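This report concerns only the one structure given below.
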Amino acid sequence: MTGNVKDNAFPATMLDRSDERLKHEAGIGGAVRAFIDRVRSGDLGSLPVVVGLALIWTVFASLNPIFLSSNNLVNLLFDCSTVGVIALGIVCVLMVGEIDLSVGSISGFASAIVGTLWVNQGWPVVLAILAAVAVGGLIGSLYALLYNRLGMPSFVATLSGLLAVLGMQLYILGSTGSINLPYGSAMVNFGQMLVMPRLLAHILAVVPGVVMLWTGVRTISRRREANLSAPSLGSIVLRAAATTLVLEIIVLYLNQDRGIPWMFGLFVGLVMLMNYALTRTQWGRSMTAVGGNREAARRAGINVRRIYASAFVLCSMLAALGGVLSASRLASASQQAGTGDVNLNAIAAAVIGGTSLFGGRGNAYSALLGIIVIQSIANGLTLLDLSSSLRYMITGGVLAIAVIVDSLARRSRVSHGRA
């Protein structure tokens, strides 16, 4: 037996070459080559939306220099936060290959609940907000029941919910059609004026880089303990430093005017929390597995129904929270809240940001990047004093391009065995 083991063992020279190759690939140059290989195989990540955003900003800045002024960018961040939170919920349902067409109506209904309970009924504003978010969760639970128990397609269930919830919104608002929120209240100030202290904004800009460095060092340690190839410490330090530098420059520039809105900070915090849940927890891995192949996930022991239910409930609760933020931004709850292009912009933001319509691929940062693209288009066209018809056409074109890129990337991943 010892002779057979000796004969079957790898020569020392082959092991040395393998170790040298792994160390070479683990360096900064290897990381760059690995990134290029992923792009060629269709694993584009956020690259298309980042390139598109840079192109959009370049065009609008050349047409109107005010677009990149710190004051205008602060306003853009305020506007991104409301629909961005709704888009974050859309990411959840798209991850499992489903859709929710009622998020706009749920957001409008939530704003009406807050206005009715707080202003008309005299509830404390915090309890009114919690009640609105809880109602959103109940609506999501109903969708989950219709989907899991009765087999109703999510498209049909949420489309019927869109009409029903819109009717409830009109009913509770009554004949007046709108409720003005107390101007100068903490809720309205939060949506219109409150910004972070400058020092705090700079401190928070360091946090992502520190987290990247900490998780990177832990990954290196774990992979080396398992005798696996690991990325070089230099590449991790470089990425963390680059991220911190970019964020500090952004904060420094925005602090020349009012600074970073607290509402946008809340949105980014929710994005980071959702990203952690999707990438670092068993629930997040189950979401990806169910969206990639429902039957395979079921056979692997995943409670598929529970995963679908969590996706619908989270989506509806985030839609309700987005409606609350919208009410604070507009200082009112009206029949027009949640209507118009809110629903489509939320869905478009998730897709444009990189979440796949086919399920199983996407991340929380898709909502952040996607809504910045959409609001940049709207903001730039407004500064150019162009009609809203162009905004709809351009947004529709960008959405179509995003879906085409997603479809082509998926086909490339299949051909490279990465699907």
Side-chain angles (χ1 to χ4, degrees), residues 34-57 76 80-81 83-100 103 208 212 239 243 246-247 264 267-268 270-280 284-285 287-292 311 314-315 318 322 343-378 394-416 418-419:
F35 172 76
I36 295 175
D37 291 339
R38 288 197 301 270
V39 171
R40 288 178 176 176
S41 64
D43 191 3
L44 302 179
S46 300
L47 180 62
V49 68
V50 172
V51 173
L53 185 61
L55 180 61
I56 291 170
W57 282 26
L76 191 147
C80 286
S81 304
V83 182
V85 172
I86 303 174
L88 186 60
I90 291 293
V91 170
C92 294
V93 293
L94 288 182
M95 283 289 293
V96 294
E98 301 300 329
I99 192 65
D100 189 338
V103 288
M212 289 177 61
R239 284 183 295 180
T243 301
V246 170
L247 292 178
F264 185 75
F267 172 40
V268 174
L270 290 174
V271 169
M272 296 178 66
L273 183 62
M274 182 65 71
N275 181 72
Y276 177 84
L278 290 175
T279 59
R280 300 286 181 175
R285 291 188 290 270
M287 289 275 287
T288 303
V290 171
L314 268 177
C315 181
L318 288 171
N343 200 32
L344 297 179
N345 280 347
I347 298 174
V351 176
I352 291 173
T355 303
S356 176
L357 285 170
F358 304 100
R361 297 188 69 87
N363 57 73
Y365 291 103
S366 300
L368 176 61
L369 294 174
I371 197 59
I372 291 178
V373 169
I374 290 178
Q375 290 298 335
S376 296
I377 295 173
I394 293 176
T395 304
V398 173
L399 176 60
I401 293 173
V403 175
I404 291 172
V405 170
D406 178 39
S407 181
L408 294 177
R410 183 170 181 267
R411 188 179 303 173
S412 179
R413 291 194 300 269
V414 171
S415 63
H416 286 81
R418 289 177 176 262

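This structure is a prediction, so every number in the text was calculated from the model and none was measured. For the single chain, residues carry numbers from 1 onward in sequence order.
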Qualifying residue for side-chain contact (heavy atoms from CB on, under 4.5 Å) with I90, from V351, I347, L318: I347
Atom pair CG/CG of L278 and L273 - distance to nearest 0.5 Å: 9.5 Å
Pair F264-L368, side chain to side chain contact (heavy atoms under 4.5 Å, CB included): steps then yes or no: CA-CA 10 Å; F264 185 75; L368 176 61; 3.9 Å; yes
Spacing of M287 atom CE and L94 atom CG [to the nearest 0.5 Å]: 9.5 Å
Derivation and outcome, side chain to side chain contact (heavy atoms under 4.5 Å, CB included), residues N363 and T355: CA-CA 7 Å; N363 57 73; T355 303; over 6 Å; no
Shortest non-hydrogen contact from S366 toward V91: CB-CG2, 4.4 Å
Heavy-atom closest pair, residues V85 and G322: CG1-N, 3.9 Å
Residue pair I374 / A349: nearest heavy atoms and the distance that separates them: CD1-N, 3.5 Å
Shortest non-hydrogen contact from A87 toward A350: O-CB, 4.0 Å
Point-to-point distance, once rounded to the nearest 0.5 Å, from CG of N275 to CG of L88: 10.0 Å
Shortest non-hydrogen contact between W57 and S376, atoms and distance: NE1-OG, 2.9 Å
V103 to N343 - nearest heavy-atom pair and separation: CG2-OD1, 2.9 Å
Worked check of side chain to side chain contact (heavy atoms under 4.5 Å, CB included) between M212 and T243: CA-CA 9 Å; M212 289 177 61; T243 301; 3.5 Å; yes
Spatial distance of atom CG (N345) from atom CD1 (I377) [nearest 0.5 Å]: 9.5 Å
